[in-house]
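Here the structure is laid out as structure tokens; the discussion comes afterwards.
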Amino acid sequence: MSGMMVRFWGVRGSIASPGPQTSLVGGNTPCVEVLAGDDRFILDAGTGIRKLGEKLASEGALETTLLFSHLHWDHIQGLPFFAPVYDRRARIAIVGPRSAEMTLARALEHQMTAPVFPVRLDDLPAELSFRHVKHGESFVEGGARITAARLHHPGGVLAYRIDFAGASVVYATDTEHRAAPDPALVDLARDADVLVYDAMYTEAEYRGERGPSRLGWGHSTWEAGARVAKEAGARELVLFHHDPTRTDPQVAEIEALARLEHARTVAAREGLVLELAARIVDAA
Ligand SMILES: [Zn+2]
Ligand SMILES: [Zn+2]
């Protein structure tokens with residue numbers, strides 16, 4: 001393909017939430033596949049990565065770059081169930097932040113040790129490489145440029161922008177907006193085609209008008225997402241990291257409300273595909 005393709009495999013926050021109330025949106029935790037020409041990027045390895053792994057294994061597509069926003073369970077727990085890691089022909093570049101406590105590799109190893117998991121990271125047959133990225137860092141991978149920005153979340157989180165052939169996607173999950181749209185995110189998402197945003201709460205829930213206040217919990221709202229999208233000039237807003245208690249009709253209601261603020265808004269659901277046409281910039 002000449003442009004970009006974004007496919008959502010897991011859109012739920014905090015913990016997988018399968019069941020009849022969530023079957024349309026889906027209950028798997030975060031995993032987003034981005035194809036940039038022939039290069040494949042996977043954003044986070046929540047439980048949604050399991051099905052993606054089955055597909056890649058069946059297609060023999062065994063080279064990929066896995067970008068971690070951070071190392072909370074809902075973003076890493078699918079990795080031991082990602083089929084390509086058990087294939088010795090697979091080459092997986094793992095990119096993410098170094099936490100205050102330990103390296104990226106050590107953190108992923110942590111969830112693959114006895115007694116909580118029977119296979120060790122070191123014993124995986126696939127060739128894994130690790131790379132730490134920091135706020136403001138930008139690097140080229142295949143034909144795409146990846147840029148990272150640090151946002152507000154307990155323990156830290158990185159948002160990523162992927163630019164390819166004049167098209168761009170920003171992945172900003174697990175972030176608290178605080179009072180104003182975060183200037184670091186507004187910068188990162190400037191004129192992006194797609195902004196994927198943490199819309200875990202409504203503003204009323206965030207402020208504690210319904211239940212406990214969620215201030216300081218590290219997540220944002222669809223209202224803040226619409227403000228960021230407008231301020232950054234991002235074309236399409238994707239509401240992401242839905243609260244595990246949010247039912248399908250509630251997600252649909254939030255999507256409808258958000259469209260009144262930012263017309264091109266969609267609530268992420270498993271299986272959603274966005275295609276972005278290439279806009280090759282003339283080098284001359
Ligand atoms: Zn999360
Ligand atoms: Zn988190």
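Both counts, for ligands and for their atoms, begin at 1 and track the order of listing. Only heavy atoms go into these numbers, but all of them, side chains included; no hydrogens, no water, no symmetry mates.
Look at H75 and the Zn ion (ligand 2): no N/O/S atom of the residue is under 2.8 Å from the metal. Residue contacts to the Zn ion (ligand 1): H70 brings no N, O or S atom closer than 2.8 Å. The Zn ion (ligand 2) lies at 2.8 Å or more from every N, O or S atom belonging to H219. Inclusion of D74 in the first shell of the Zn ion (ligand 2) is not supported: no N, O or S atom falls under 2.8 Å.
A salt bridge does not link R227 with E223: none of the charged nitrogens is closer than 4.0 Å to a carboxylate oxygen.
Looking only at atom types and distance, the side chain of S213 has no donor-acceptor partner in the side chain of R207 under 3.5 Å away.
In terms of distance to the Zn ion (ligand 2), the nearest N, O or S atom of D174 is named OD2. For H72, the N/O/S atom at the shortest distance from the Zn ion (ligand 2) is named ND1. Within H153, the N, O or S atom at minimum distance from the Zn ion (ligand 2) carries the name NE2.
For an aromatic pair to be called close, the ring centres must be under 6.0 Å apart, and F81 with F117 satisfies this. If you look at Y197 and Y171, their ring centroids are not closer than 6.0 Å. In summary, the aromatic rings of Y206 and H177 are positioned with their centroids under 6.0 Å apart.
For the side-chain contact (heavy atoms from CB on, under 4.5 Å) test with M112, the passing option among I76, V85, L121 is L121; the others fail.
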